[in-house]
Amino acid sequence: MIEIPKSYNYISAFLTFGCNFNCSYCINKYGGLFKYKSMDLSDWIRGLNRIKTRSDLPITISGGEPTLHPDFYTIIKWIDGNIPLDLLTNGEFDVDEFMEHINPHRFQRKAPYASIRFSYHPGYTNIIRLLRKVNVLKNRGYSVGIWAVNKNKIHSKLVQLLAKSFGIDFRLKEYLDETHGNYKYPHGLNGFPKKCLCKPSELLIAPDGRLFRCHHDLYGGINSIGHILNNKVKLPEDFIPCSSYGNCNPCDLKLKFNRFQQDGHCAVEIKNG
């Protein structure tokens, strides 16, 4: 089993980095995305079933667009039902097929936010079609909500009001780059890399099964801390030397809500930065 340290706040399994959108502001492409080959069905099932987590710390199934993985529904079906799951999706799937394969209770738990979180990407998402899908799922008992990249604040607020008229939970996420965002360690984005000590609080699982401590390493395909199928996996709980401070990914440094919706959380703690 892969024991998740008590200090960890987030687990994400990136089934694929493939996506049916090509957003110009996609955070996955920050600095260039390493091209991964996705694990096959049996390896994903075996690997994810090794994760020993807690009821308040789900494995978030994400991507790219996770439903594009050819075995998406089978993977979800064969993950141990005692392992809590969340889903991040752009919603570009067939909603009838989704309901046929996924029981509402599979992505449902006690939490202050929806377990199935749809991403609204301004300029790329058909918002009317997305609202219809989310409304159908909501009425069928699924735990659903929409999170939007707040790139255009006026537009986002108008869409938020539209969603709320359907009774849909619609929340805004900061648009992130070197000049936008509220960061705990802003010098980590200045482009001048130097050494530091970094303490992670997230486990990020790449499409090929390698394990990473931060988005910078995940997207670069560097500094893997193991593989989901390794016989022995010990996840870091303390500070680890890093030489990439200055070229960090915005996702790792931003101040945000933790899984309990408490504000002021940062995915990493940095010393000597």
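Taking CG of Leu161 as the reference point, atom CZ of Phe166 lies at 12.5 Å (rounded to 0.5 Å). Rounding to the nearest 0.5 Å places CG of Leu85 at 9.0 Å from CD1 of Ile102. Atoms CZ and CD1, from Arg50 and Ile45 in turn, are 15.0 Å apart once rounded to the nearest 0.5 Å. In this structure, NZ in Lys52 is found 11.5 Å from CD1 in Ile83, a value given to the nearest 0.5 Å. Atom-to-atom distance recorded for Asn49:CG and Ile228:CD1 is 9.0 Å, nearest 0.5 angstrom. Atom CG of Asn272 and atom SG of Cys242 lie 12.0 Å apart (nearest 0.5 Å).
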Can you check ring pair (Phe, Tyr, Trp, His ring centres under 6.0 Å) on Phe107 and Tyr142, steps first, answer last? CA-CA 7 Å; Phe107 290 103; Tyr142 292 83; 8.8 Å; no
Check against side-chain contact (heavy atoms from CB on, under 4.5 Å), Phe72 and Phe93: CA-CA 11 Å; Phe72 170 75; Phe93 55 75; over 6 Å; no
Stepwise side-chain contact (heavy atoms from CB on, under 4.5 Å) test for Ile146 and Leu131: CA-CA 9 Å; Ile146 300 177; Leu131 287 172; 3.8 Å; yes
Apply side-chain contact (heavy atoms from CB on, under 4.5 Å) to the pair Tyr36 and Leu218, showing each step before the final yes or no. CA-CA 10 Å; Tyr36 289 96; Leu218 169 72; 4.2 Å; yes
Set out, in order, the CA-CA distance, both residues' side-chain angles and the distance that settles salt bridge (Lys or Arg N to Asp or Glu O under 4.0 Å) for Glu269 and Arg213, then state yes or no. CA-CA 12 Å; Glu269 186 179 345; Arg213 60 183 175 173; over 6 Å; no
Arg259/Asp56 under salt bridge (Lys or Arg N to Asp or Glu O under 4.0 Å): CA gap, chis, key distance, verdict: CA-CA 8 Å; Arg259 69 186 189 280; Asp56 64 5; 3.6 Å; yes
Could you walk me through whether Val134 and Leu130 pass the side-chain contact (heavy atoms from CB on, under 4.5 Å) test, one step at a time? CA-CA 6 Å; Val134 174; Leu130 182 64; 4.3 Å; yes
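Between Arg140 and Glu100 there is no salt bridge, since no side-chain nitrogen of the basic residue lies less than 4.0 Å from a carboxylate oxygen of the acidic one. Between Lys133 and Glu92 no salt bridge is recorded (no basic side-chain N to carboxylate O distance below 4.0 Å). Ionic pairing of Arg117 and Asp86 is present here: one or more N-O contacts between side-chain nitrogen and carboxylate oxygen are shorter than 4.0 angstrom.
Within the 4.5 Å cutoff, no side-chain heavy atoms of Ser143 are placed close to those of Ile116. Side chains of Phe17 and Tyr219 form a contact here, defined as non-hydrogen atoms less than 4.5 Å apart. Residues His216 and Asn247 form a side-chain contact, since some pair of their non-hydrogen atoms from C-beta on lies under 4.5 Å apart. The shortest distance between side-chain heavy atoms of Ser12 and Ile205 does not fall below 4.5 Å. Between Met99 and Leu137, the closest side-chain pair of non-hydrogen atoms falls below 4.5 Å. Side chains of Leu253 and Pro186 form no contact here, defined as non-hydrogen atoms less than 4.5 Å apart. Contact annotation: the side chain of Leu229 approaches that of Arg46 to within less than 4.5 Å [non-hydrogen atoms, C-beta and beyond]. Residues Arg129 and Arg132 form no side-chain contact, since every pair of their non-hydrogen atoms from C-beta on lies 4.5 Å or further apart.
When only modelled atom types and interatomic distance are considered, Glu65 and Thr16 share no side-chain donor-acceptor pair under 3.5 Å.
The backbone N or O of Pro250 sits nowhere less than 3.5 Å from a side-chain atom of Tyr183 that would complete a donor-acceptor pair. Formation of a donor-acceptor pair under 3.5 Å by the Asn230 side chain with backbone atoms of His227 is found in this model. For the pair Thr53 (side chain) and Pro58 (backbone), a donor-acceptor distance under 3.5 Å is absent. For Asp208 (side chain) and Arg210 (main-chain N/O), a donor-acceptor pair under 3.5 Å exists by modelled atom type. Between the side chain of Asn139 and the backbone N or O of Asn135 there is at least one donor-acceptor pair closer than 3.5 Å. Of the possible polar contacts, one joining the Ser165 side chain to the Leu162 backbone as a donor-acceptor pair under 3.5 Å is found. Under a 3.5 Å cut-off, the side chain of Ser224 and the backbone N or O of Leu211 do form a donor-acceptor pair.
Minimum heavy-atom separation, Leu235 to Pro5: CD1-CD, 3.9 Å. The shortest heavy-atom contact between Ala267 and Lys256 is CB-NZ, 4.2 Å. Taking each heavy atom of Gly141 and Pro104 in turn, the nearest pair found is O-CB, 3.6 Å. Contact between Cys266 and Lys184 at its shortest, heavy atoms only, is CB-CD, 3.7 Å. In plain terms, the two heavy atoms of Tyr245 and Gly188 that are nearest each other are OH-N, 3.4 Å. When every heavy atom of Ser38 is checked against every heavy atom of Leu15, the shortest pair comes out as OG-O, 2.9 Å.
Here the rule is side-chain contact (heavy atoms from CB on, under 4.5 Å) with Trp147, and of Tyr113, Tyr120, Phe118 only Tyr113 fits it. Only one option out of Leu203, Leu204, Asn258 pairs with Tyr10 in a side-chain contact (heavy atoms from CB on, under 4.5 Å); it is Leu204.
Linking ILVMFWY residues whenever their side-chain heavy atoms come closer than 4.5 Å, directly or via other members, places Ile76 and Phe98 in the same cluster. Under the 4.5 Å side-chain heavy-atom criterion for ILVMFWY residues, a single connected hydrophobic cluster contains both Ile59 and Tyr8. Placement of Phe14 and Tyr73 in two distinct hydrophobic clusters is found when ILVMFWY residues are connected by side-chain heavy-atom separations under 4.5 Å, directly or transitively. Both Leu57 and Ile225 sit in one connected hydrophobic cluster of ILVMFWY residues. Membership requires side-chain heavy atoms under 4.5 Å apart, directly or through other members. Side-chain heavy atoms closer than 4.5 Å link hydrophobic residues (I, L, V, M, F, W, Y) into clusters, and following such links, possibly through other members, connects Leu172 to Ile127.
Ring planes of Tyr124 and Phe21: tilted class, angle from 30 to 60°.
More than 12 non-hydrogen atoms from other residues, nucleotides or ligands lie less than 6.0 angstrom from CZ of Arg109.
A cation-pi contact links Lys271 to Phe239, judged by a cut-off of 6.0 Å to the six-membered ring centre and 45° from its axis.
Considering only residues two or more places apart in sequence or on other chains, Asp252 meets the salt bridge (charged side-chain N to carboxylate O under 4.0 Å, His left out) condition with none of them.
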